Amino acid sequence: MVLDTQQLRKEQTSQASKIILQDEFPSLKLIGGADVGFEQQGTITRAVIVVLSWPQLELVEYQIARIPTQLPYIPGLLSFREVPGLMAAWEKIQHKPELVLVDGQGIAHPRRFGVACHFGLQANVATIGVAKSRLCGDAAELDDSPESVQPLMAGKNQLGWVLRSKKRCKPLYVSPGYKVGFSSSLSWVKQCLKGYRLPEPTRFADGIASNRTFFKRMNEKIS
DNA sequence: GCGACAG
DNA sequence: ATCTTGTCGC
């Protein structure tokens, strides 16, 4: 496969200027989660979108799309690997949520265009990036207590938040994706926490995408 | 030049 | 990301 990483980076820089950050938000009825897993030595991409009711956070619908993996994993270019599958799953969704939590960074990205931004812009839906580890930026040390939070900074500019979502767990890296601001992105993620490290939409999507036993059983029951 | 690097 | 045994703490 041919891939021009220079060109892809350039594309991110230009797309990043289209990102809108807004803290006003219409009332929510459905909230989504998005994640990607792999099959057969990574040759097959399995993308998952889940839809939960708000504020009950009960599973309403989920869709899985399987497509051939198009790109290898390259730090900073993750979205080009994951968005095609996510779009395929998104198109199958019957109950479209107004907001989606995406596994990975939002604007906390070298060119301010992580997978949450890329997916949100392409699907035209509000998104928040919820990453399990850091890509870029710096933050002050966190407390041990849950709900401990610090701004994630790139020099003088804020990129997002570092949030301890659960005791004795590594923190989450939360950043605006598309059509969501800093304070609301943190607020939505906190409201989706139910005693696990990951917020419910991400946890469900992650469980299905990674074929975890619990979700595999649920899968078999529903289908 | 060197280290760091979402999934 | 993926595979994988035991171990620790609630």
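Chain identifiers are assigned alphabetically (A, B, ...) following the order of the sequence lines, protein sequences preceding nucleic acid strands; residue numbering begins at 1 within each chain. None of the values given here were measured: they were computed from a predicted structure.
Residues satisfying the salt bridge (charged side-chain N to carboxylate O under 4.0 Å, His left out) test with A:R66, not counting sequence neighbours, are A:E39. In this view, A:D23 and A:S183, A:S184 satisfy the side-chain hydrogen bond (donor to acceptor under 3.5 Å, both in side chains) rule, not counting sequence neighbours. Taking A:R112 as the reference, nothing meets the salt bridge (charged side-chain N to carboxylate O under 4.0 Å, His left out) condition, with sequence neighbours excluded.
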Less than 3.5 Å apart, which donor and acceptor atoms pair up between the side chains of residues 24-35 of chain A and the rest of the protein, not counting sequence neighbours?
none

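Looking at A:Q150 and A:E141, their side chains never come closer than 4.5 Å, going by heavy atoms from C-beta outward. A:I208 is not listed as a side-chain neighbour of A:R46, based on a closest heavy-atom distance of 4.5 Å or more. Here the side chains of A:Q63 and A:W90 are not in contact, with every heavy-atom distance at 4.5 Å or above. Side-chain contact between A:C117 and A:H109 is absent, with no heavy-atom pair separated by less than 4.5 Å.
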So what does the secondary structure string of DNA chain B come out as, 5' to 3', with Watson-Crick or wobble pairs under 3.5 angstrom, [ ] for crossing and | for pairs with another strand?
.......
Encoded 5' to 3' (Watson-Crick or G-U under 3.5 Å; [ ] crossing; | other strand), DNA chain C becomes ..........
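Identified under the salt bridge (Lys or Arg N to Asp or Glu O under 4.0 Å) test for residues 95-110 of chain A, with sequence neighbours left out: A:D103-A:K132. Sorted by first and then second residue, the pairs that involve residues 73-87 of chain A and meet side chain to side chain donor-acceptor pair (under 3.5 Å), not counting sequence neighbours, are A:S79-A:H118. Listed by first and then second residue, the ring pair (Phe, Tyr, Trp, His ring centres under 6.0 Å) pairs involving residues 137-184 of chain A amount to none (not counting sequence neighbours).
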Report, one pair per line, the protein and nucleotides 5-10 of chain C atoms (nitrogen or oxygen only) whose separation is under 3.5 Å.
none

What's touching nucleotides 2-6 of chain B from the protein side, N or O pairs under 3.5 Å?
| unit_1 | atom_1 | unit_2 | atom_2 | d |
| --- | --- | --- | --- | --- |
| B:dC5 | OP1 | A:R134 | NH2 | 3.2 |
| B:dA6 | OP2 | A:Y73 | OH | 2.3 |
| B:dA6 | N7 | A:G76 | N | 3.0 |
| B:dA6 | N6 | A:G76 | O | 2.9 |
| B:dA6 | N6 | A:L77 | N | 3.4 |
| B:dA6 | N6 | A:L78 | N | 3.2 |
| B:dA6 | N6 | A:H109 | NE2 | 3.3 |
| B:dA6 | N1 | A:V115 | N | 3.2 |
| B:dA6 | N3 | A:Q105 | N | 3.1 |

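Residues from residues 34-43 of chain A that place a heavy atom under 4.0 Å from any atom of DNA chain B, listed by number: A:D35.
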